[in-house]
Structures are given as C-alpha cells and as structure tokens.
Amino acid sequence: MNIENLIRDNIKALKPYSSARDEYNSVTKAMVFLDANENPFNNGVNRYPDPHQIKVKDLLCKIKGVSSKNILLGNGSDEVLDLIFRALCEPKEDNVVTLPPTYGMYEVLANTNAVDVIKVELTRDFQPNYEAVIEAANSKSKILFLCSPNNPTANSFDSNKVEKLLMNFKGIVVIDEAYIDFSNEASWISRLNEFPNLIVTQTLSKAYGLAGIRLGICYSSELIIDTLKKIKPPYNINELTQQRAIKRMSYISGVKNEIKIVKEERERLVSELETIDLIKKIYPSDANFLLVKVDDANKRYNQLIQKGIVVRNRTNQPLCENCLRFTVGTSIENNKLIKELKTL
Ligand SMILES: *Cc1c(COP(=O)(O)O)cnc(C)c1O
C-alpha cells in the first residue's frame, strides 16, 4: 500500500505556516526576542508556547517508548482526529468506516468534514466483523476507526482481528486507545514499524486525570506525523497545558497508583452489581467504566438522577438496548451508586 496516495493532493502541496519560533529557536544563549510581537513584560505566559512541545514529547518518549518523530500532540484527541480527517479525506468524495456502537466523535468529525460514514456493526460479542468490514469498504474508504478498549462497550478488540484488518483494509487504520492504561492488552504503539497504515491515538484525559487541559496524542509513521504537523495550528498546545502535562508525567508513579485503584474499584463494583436484581448483565471491562444491562434503562437513569447520580444512558445505541454506562468513581462515589441501586 502506498501511503502517499492516501493523502489529499492539496495537503501534499501545502507549505506550512512558519512561526517566529520556527524561524529562530536556539537555547544556546540568552537572546532578546523581538520577533513575535509578544508583550515583553514577563507574567509566565506572555511568550508563545513551544510549537513542537519538545519537553512534553521527551517525557512521552520515556514513558511510552516511542520516538518523538512518531508523535504529534493535539488539543485533545478530538483535534488529532480532526487533523487526520483533513489530511486524508476529500470532502464529498471519500468515506470512513466506523464500527458502532462506538465513540460518537468519529461520525461528528466526518459530518463536519463532509465525509460519508460507512457503519459496520460490531458482532454480538462486541468484536469487529472482519468479513463485513472488508466487504463494506470501497476504493474511497480512507480511514477505519477501531476503538479499543471500545467506548461504550468497554471491551478490547481481539488482536488477531485487528491485525487482519491492519493487513487487509486498504486505507489508514486509526486505533483509538483512550482507555489503554486500564487494559490488560498491549498497546499497538509497539507495532508501528510493522504497519505503515497504523495511527494510534491516546489521551491524557482519562488515566492521566487531565481532561481539563486537553491533550491528545497521535503515534504513527514519520510520513503521517509530518503530514499532520503541516496542517496543525502552530501553537495548538498552550503553555499552561504543556506545564501541567510535564508536571504530571514527571511523577508517573502517582498516575500508576490511581490506575491501580480504579481497576480495583472496577472489580469491586462488578462484584457488588452482580448481587443487584435490576442489573441483568455486566459486560467485561478493560476500561474505567462498566456497561451494564438493566431491566429498564430509561426508568433507572431517571431514578438515579433523582438520587443525585448521573450515569450515561446508552439504550439508543445499537446492540445496547437497556444499557447504562457507569464510570468507575472513588470508593465513596461507587458506594453511593451501589447503595442507591439497592434501594431501587
Ligand atoms: C474520552 C475519549 C477520548 C478522549 O478525547 P479527548 O479529546 O482527548 O479528551 C477519545 N476517544 C474515546 C473513545 C473516548 O472515550
């Protein structure tokens, strides 16, 4: 597969904006910076942020074992995903393939970019339907979105199926690993070299506890990363975000400890929920949430709201009839959920 052929012609021809910090950026000696029309009075954020986020990427390299050349950062995964659409999909011409029930942003971004969506439902056990995906895709199918662990079903996709899709889908395969830190499965970032059509996205919004700073991560080949870099806004990761990301990633044992607690709470929540009558099924979870089937999702959702607990009602998603999604909270929050469900 020739990856170049998947990139839009206007993007290939594009000459990126060259920022002041691109044209001169030396740290060898203290310089007087009069090139970016910034306010000269120091207040901590009067200068533009590093457009290449070198310190953030250096830390990510250490934690994830991927070279900086293979990393692009975005204002949340949502920006990363939007850049991928804009680099690859010709509006009103190309399409993407999604596997519902899954994360809603793929379709929203497709609609924003005037790109068609081909939907191929997951199988009953929430796995990709390999044959149906290959059959549904056509020569205009540029991207296949695989979310693993998948939101809202909480399971990871079978790695043999994912590998077959990577080898046989004739476009880019995006594996959204927003929940990978809660999973027992290995990340696909260790296999970037094997698959030139692979893009993996991750985020600091979930396990890293930084949803408020908006930092999404994209890992791929240098060719794809360099293409996305050409179209990203130069200063897309603001200074405060970079500082907080650096602070958090410099103390990774704190993150690991929280992940451990969330996973323990998840297991405890499962065993408590199993004893509750209105819960009909708890799907296996590799993430920080549980998908559960109840007797009547709309009724139970509203009752929980009355009790002051907000969960996500997924009953209108395909294959998710009467399903609610519970995020794993602190032990106090989970106890409240269990207690209120028991009174219902
Ligand atoms: C929460 C979530 C994200 C995170 O998006 P950000 O923009 O990085 O906060 C991405 N993908 C999935 C499937 C999610 O559930």
Side-chain angles (χ1 to χ4, degrees), residues 77-78 81 96-110 117-133 136 143-166 173-188 200-203 205-207 259 262-263 265-267 269-271 273-274 278-298 300-301 304 310-329 334 337:
S77 318
D78 296 340
L81 295 170
V96 299
V97 181
T98 66
L99 313 186
T102 193
Y103 187 47
M105 275 307 285
Y106 313 136
E107 187 170 4
V108 172
L109 291 169
V117 182
I118 296 177
K119 296 182 193 178
V120 182
E121 262 186 30
L122 296 175
T123 56
R124 293 239 134 242
D125 56 348
F126 298 145
Q127 290 295 329
N129 186 337
Y130 171 78
E131 285 79 18
V133 170
I143 310 173
L144 167 63
F145 287 98
L146 303 179
C147 185
S148 183
N150 185 41
N151 179 4
T153 60
N155 63 305
S156 295
F157 291 163
D158 176 346
S159 58
N160 294 320
K161 286 226 171 77
V162 173
E163 185 162 342
K164 263 168 62 179
L165 287 165
L166 275 163
V173 177
V174 173
I175 306 183
D176 183 339
E177 293 188 338
Y179 300 98
I180 191 69
D181 299 289
F182 303 106
S183 167
N184 296 323
E185 300 284 318
S187 167
W188 287 87
V200 177
T201 63
Q202 296 181 354
T203 177
S205 295
K206 306 284 158 59
I259 293 169
V262 168
K263 286 167 79 172
E265 278 296 308
R266 178 181 74 197
E267 299 323 311
L269 200 51
V270 169
S271 57
L273 293 174
E274 276 168 349
L278 66 89
I279 309 261
K280 300 300 170 197
K281 183 164 183 162
I282 306 163
Y283 293 91
S285 173
D286 232 2
N288 65 333
F289 58 88
L290 295 174
L291 187 75
V292 300
K293 196 183 273 298
V294 297
D295 52 352
D296 182 341
N298 293 331
R300 301 308 180 187
Y301 174 83
L304 285 171
V310 189
V311 301
R312 201 84 199 268
N313 187 352
R314 298 283 78 186
T315 190
N316 292 325
Q317 298 286 307
L319 308 176
C320 295
E321 197 186 2
N322 281 322
C323 286
L324 299 175
R325 194 189 70 193
F326 300 156
T327 305
V328 179
N334 300 332
L337 174 68

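Computation of the quantities below employed the complete heavy-atom set of this structure, encompassing side-chain atoms and omitting hydrogens, waters and symmetry-equivalent molecules. Index from 1, following the sequence.
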Student: Applying side chain to side chain contact (heavy atoms under 4.5 Å, CB included), can you list everything that pairs with V262, at least two apart in sequence or on another chain?
Tutor: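 Once residues adjacent in sequence are excluded, the partners of V262 under the side chain to side chain contact (heavy atoms under 4.5 Å, CB included) criterion are F182, N288, V328.
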Student: Considering only heavy atoms from C-beta outward, does the side chain of R312 approach that of L324 to under 4.5 Å?
Tutor: no
Student: Do the non-hydrogen side-chain atoms of V173 and L146 ever get within less than 4.5 Å of each other?
Tutor: yes
Student: How about L81 and Y106: do any of their side-chain heavy atoms sit closer than 4.5 Å?
Tutor: yes
Student: Just how far is it from atom CG of D176 to atom OH of Y103, taken to the nearest 0.5 Å?
Tutor: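 It comes to 7.0 Å.
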Student: Please give me the minimum heavy-atom distance between P318 and E121, naming the atom from each residue.
Tutor: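 Shortest heavy-atom separation between P318 and E121 comes out as CB-OE2, 3.4 Å.
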Student: Any Lys/Arg nitrogen of K280 or D295 sitting under 4.0 Å from an Asp/Glu carboxylate oxygen of the other?
Tutor: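 Salt bridge between K280 and D295, a charged N being under 4.0 Å from a carboxylate O: no.
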Student: Are the side chain of T98 and the backbone of P100 linked by a donor-acceptor contact shorter than 3.5 Å?
Tutor: no
Student: Would you say S187 and E177 are linked by a side-chain donor-acceptor pair, where the criterion is simply a distance under 3.5 Å?
Tutor: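 Per modelled atom types, E177 and S187 side chains form a pair under 3.5 Å.
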Student: NZ/K206 to OG1/T327 distance, rounded to the nearest 0.5 angstrom?
Tutor: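 With rounding to 0.5 Å, NZ (K206) is 9.0 Å from OG1 (T327).
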Student: Which heavy-atom pair separates K263 from S183 by the least distance, and what is that distance?
Tutor: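 For K263 and S183, the tightest heavy-atom pair comes out as NZ-O, 4.4 Å.
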Student: I need the I143 CD1 to I118 CD1 distance, nearest 0.5 Å.
Tutor: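 Rounded to the nearest 0.5 Å, the CD1-CD1 separation comes to 12.0 Å.
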Student: What residues form a salt bridge (charged side-chain N to carboxylate O under 4.0 Å, His left out) with E163, not counting sequence neighbours?
Tutor: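 By the salt bridge (charged side-chain N to carboxylate O under 4.0 Å, His left out) rule, E163 matches R191.
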Student: Identify which one of V310, L337, N313 satisfies the side-chain contact (heavy atoms from CB on, under 4.5 Å) criterion when paired with L304.
Tutor: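 Testing L304 for a side-chain contact (heavy atoms from CB on, under 4.5 Å) against V310, L337, N313 leaves exactly one candidate, L337.
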Student: Can you measure from NZ (K164) to CG (D158) and round to the nearest 0.5 angstrom?
Tutor: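 The distance works out to 9.0 Å.
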Student: Could you pull out the closest heavy-atom pair between A297 and N322, with the gap in Å?
Tutor: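 Closest heavy-atom pair between A297 and N322: N-OD1, 2.9 Å.
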Student: Of the options V311, N151, T153, which is the one that meets R325 in a side-chain contact (heavy atoms from CB on, under 4.5 Å)?
Tutor: N151
Student: Walk me through it: do T315 and E321 pass the test side chain to side chain donor-acceptor pair (under 3.5 Å)?
Tutor: CA-CA 4 Å; T315 190; E321 197 186 2; 5.9 Å; no
Student: Could you tell me whether the side chain of L290 reaches within less than 4.5 Å of the side chain of L273, counting heavy atoms only?
Tutor: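 In short, these two side chains touch, coming nearer than 4.5 Å.
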Student: Return the CZ to CD1 distance between R266 and I282, rounded to the nearest 0.5 Å.
Tutor: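 Going from CZ on R266 over to CD1 on I282, the span is 12.5 Å.
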Student: Does NZ or CZ of K161 fall inside the cone over Y130's six-membered ring, less than 6.0 Å from its centre and within 45° of the axis?
Tutor: no
Student: Could you go through the side-chain contact (heavy atoms from CB on, under 4.5 Å) check for F145 and V97 one step at a time?
Tutor: CA-CA 6 Å; F145 287 98; V97 181; over 6 Å; no
Student: Which atoms form the tightest heavy-atom contact between N334 and G329, and what is the distance?
Tutor: OD1-N, 2.8 Å
Student: Does this structure show an ion pair linking K119 with E107, if we count only N-O contacts that are shorter than 4.0 Å?
Tutor: yes
Student: Do V133 and L99 have side chains that get closer than 4.5 Å, going by heavy atoms?
Tutor: yes
Student: Report yes if some heavy atom in the side chain of F157 is under 4.5 Å from a heavy atom in the side chain of L122; otherwise report no.
Tutor: yes
Student: Within a strict 4.5 Å, meaning less than it, do heavy atoms of the P149 and N155 side chains meet?
Tutor: no
Student: State, yes or no, whether a side-chain contact exists between V292 and Y283 at a heavy-atom distance under 4.5 Å.
Tutor: no
Student: Are F289 and Y179 an aromatic pair, judged by ring center distance below 6.0 Å?
Tutor: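 Yes, the ring of Y179 comes within the 6.0 Å limit of the ring of F289, centre to centre.
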Student: I279 vs E274, test: side-chain contact (heavy atoms from CB on, under 4.5 Å). Steps then yes/no.
Tutor: CA-CA 7 Å; I279 309 261; E274 276 168 349; over 6 Å; no
Student: Can you measure from CG (N150) to CG (L291) and round to the nearest 0.5 angstrom?
Tutor: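 Reported to 0.5 Å precision, the distance equals 9.5 Å.
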